[in-house]
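Along the sequence shown, the residues carry numbers beginning at 1. Counting starts at 1 for both ligands and their atoms, in listed order.
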Amino acid sequence: MHRRITGKLVIATHNPGKLAEMKELLAPHGIEAVSAGELGLGEPEETGNDFRSNAAIKAIAAAQAARLPAFADDSGIVVDALDGAPGIYSARWAGPTKDFTAAMAQIERLLQERGAATPDRRTAHFVSALCVAWPDDHLEQVEARADGTLVWPPRGTAGFGYDPMFLPDGHARTFGEMTSIEKHGLPPLGLGLSHRARAFVKLAEICLEPR
Ligand code: IMP
């Protein structure tokens, strides 16, 4: 049986870009969101082998520490020509200073080393795994992806992370050139464009009251 989210929800992220997007996604559903940072919760080590298990590790740790339902996302970019790298290590490729200009340059250098010059050799997708954990160990989990190609040089200053390099399929502008509303592409404008918005639509179906 799926369980609905009611009342207060901890957002188990310390990433300001993701926190802002999650608050935007939750706001229309009347959920009172409080971040793990605001509650002074620590960050667990992400020891899982895939996005789904890392999202669960973060949500369970926050739910246990706060004794409240907690919501976590684990996400990243999967580059086909790099055998799926950086994948679950997408945040780590930016290093301790979170330098995504350097992380994007690293991807580009590796693509060039492999001779990946044409769009068909530069395909990639973002993945978002979402997990809601309750203090009694109940879990709800969903996952979605957004497909596209990688452009160089990066374009746009909106968004965060690898957004300026990612051109979603069927669009002429990168995520870095879109407003967050366009990037989410949520109803009534669309059915979800970004990986996080698509996963969120799935989660809303099972866990949230209709908007
Ligand atoms: P984690 O989920 O905290 O392990 O971090 C995932 C990393 O993937 C982020 O730090 C970003 O670098 C990247 N990422 C995830 N979602 C997005 C997105 O929507 N745009 C750009 N980069 C993203």
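Each of the atoms 1 (P), 2 (O), 4 (O) of ligand 1 lies under 4.0 Å from some heavy atom of D74.
No side-chain donor from either of R109 and Q112 sits under 3.5 Å from a side-chain acceptor of the other. Between the side chains of N15 and T13, no donor-acceptor pair is found at a separation under 3.5 Å.
Counting only heavy atoms of the protein, atom 22 (N) of ligand 1 lies nearest to Y162 N, 3.1 Å.
Residue contacts with ligand 1 for N15 involve side-chain atoms from C-beta outward but no N, CA, C or O (heavy atoms, distance under 4.0 Å). At a heavy-atom cutoff of 4.0 Å, ligand 1 is contacted by no atom of M104, backbone or side chain. Heavy atoms of K98 found under 4.0 angstrom from ligand 1: none, in either backbone or side chain.
The closest approach between a heavy atom of K58 and any atom of ligand 1 is below 4.0 Å. Residue contact annotation: G76 has a non-hydrogen atom under 4.0 Å from ligand 1. Within the structure, ligand 1 has E46 among the residues with a heavy atom less than 4.0 angstrom away.
Relative ring orientation between F126 and H195 is described as parallel, the plane-to-plane angle staying below 30° on a 0-90° scale split at 30° and 60°.
For F160, there are no ring pair (Phe, Tyr, Trp, His ring centres under 6.0 Å) partners two or more places apart in sequence or in a different chain. Evaluation of the ring pair (Phe, Tyr, Trp, His ring centres under 6.0 Å) rule for H138 yields W134 as partners, not counting sequence neighbours.
Between the NZ atom in K23 and the OG atom in S35 there is a gap of 5.5 Å [rounded to 0.5 Å].
Of the listed residues (F160, F126, F100), the one carrying the non-hydrogen atom nearest atom 10 (O) of ligand 1 is F100.
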